[in-house]
Amino acid sequence: MSLLIKMADQLKNIIEDIARDFLNSALTLRYDICTCAICKNDMLAHILSHVPAKYVTTEQGALHTIMQQTRAEHQAEVARAILQAIELIGKNPRHKIKEDKNQTFNLLLEKIHEDRNIDFRHYHQDLLRRRVAVRIKTLGLPSYSEYLRLLINSPEEYDRLFEVLCINVSEFLRDTDVWVQMRKLFEADIRHKKSNHERSIRVWSAGCANGEEPYTIAILLREILGTELSGFSVEIIATDVDKKAMEAAKKGQYEKNSIKNLEKSIVDKHFCCSGGLYEVNDQIKKMVSIKYLNLTSNDLVTGCDFVLCRNVFIYFDRSLQEQLLMKYYNGLKPNGYLTMGKSETLIREATQIFEPIDVENRIYRKKAA
């Protein structure tokens, strides 16, 4: 019996250690709930009460504790219990709340809007909170209110904050199957324009980040038009809200990993390599106009044959997504094309004003009014 008691104590201690480690990790970026010592202890108690000690009996009757079982099994149970504990206790602590964290977070967003004219209030709040929390943790601050105070006293912090909020990870020909279809559409559009004696094409890259997307478009159009390029008016308008990313886009310099999807002949033709960086040549740069544009504002690029807005919607709530889809609809010429990110899709009324061209690659065409 003493052996069983000892094994039970060991099991309890191991589960408690797992629970404590998981809980501390889960609370690392949670500035939106109470994480004081009292609440942490309450959460831990809740977790342990929902993760019972388990024994498994073999055919020989031997008892095995968690030390002989898969740790992952108990980790999954603990993870589920942690989510419950955070919702139950973190948002409803048994002690008096000193600060309304949601209210302070909203004040923070209002301050950003007031100072930088960027309205993050319609961004996905969970995603936004995590991104802001990353910056707060880096600075070692304890709360939203302290971070708000920092922004007031040190406006230069905005630049670092926007670097975190606007994740600019891309590459040339990202999602290559999308670009296979885009090239076909570019070619068809150019053939149609030639037959109608038109000599212009206008493309909007909304959320251009470091420039890989608009420069990819420029390279494709230059390859398609060849010697006819000089007789065509090609406008590629690349917009973003991240000024640092825009400066990087204007330089057009990229690590080797960014061009991994391009054939060597294309790289040799359209890039110059120096100091380990690959820079798009001046002919490609001249085809792209990089401008600041806040998608949450009323600003609009009009008269577009193509609009590409890929992997941007994930930042916005449903209301703003609907507004953006109408903005792109109004920015497109009749029968113009909209390309979205592979994880994104049309919603509500937008399904009535755009028709799918390639659902898998999220390419749609504006319906005639």
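Basis for what follows: all heavy atoms, side chains included, without hydrogens, waters or symmetry-related copies. Small disclaimer: the values here were computed from a predicted structure and weren't measured.
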Quiz item: Would you say the side-chain atoms of Asp305 pair up with the backbone N or O of Gly336, donor to acceptor, closer than 3.5 Å?
Solution: no
Exercise. Answer yes or no for Lys256 and Tyr278: cation-pi contact, defined as NZ/CZ to six-membered ring centre under 6.0 Å and angle to ring axis within 45°.
Key: no
Quiz item: Would Lys264 and Asp268 satisfy salt bridge (charged side-chain N to carboxylate O under 4.0 Å, His left out), going step by step from the backbone distance to the final call?
Solution: CA-CA 6 Å; Lys264 185 178 183 302; Asp268 292 342; 2.7 Å; yes
Quiz item: What residue among Leu338, Leu332, Leu185, Asn335 forms side-chain contact (heavy atoms from CB on, under 4.5 Å) with Arg365?
Solution: Asn335
Quiz item: Can you name the salt bridge (Lys or Arg N to Asp or Glu O under 4.0 Å) partners of Arg30, sequence neighbours left out?
Solution: Asp32
Quiz item: Any donor and acceptor pair, going by atom type alone, linking the side chain of Thr104 with main-chain N or O of Asp100 inside 3.5 Å?
Solution: yes
Self-check item: Nearest-0.5 Å distance that lies between atom CZ in Arg222 and atom CD1 in Ile217
Solution: 16.0 Å
Practice problem: Answer yes or no: is there a donor N or O on one side and an acceptor on the other, between the side chain of Ser154 and the main chain of Glu156, under 3.5 Å? | Solution: no
Self-check item: Donor-acceptor contact below 3.5 Å, side chain Asp240 vs main chain Ala245
Solution: no
Quiz item: Given Trp204, which of Leu293, Leu308, Thr302 fulfils the side-chain contact (heavy atoms from CB on, under 4.5 Å) condition?
Solution: Leu293
Quiz item: Within the side chain of Arg131, is there an N or O that forms a donor-acceptor pair under 3.5 Å with the backbone of Leu161?
Solution: no
Exercise. Sequence neighbours left out, what passes ring pair (Phe, Tyr, Trp, His ring centres under 6.0 Å) with Phe306? Give chain and number order.
Key: Phe186, Tyr337
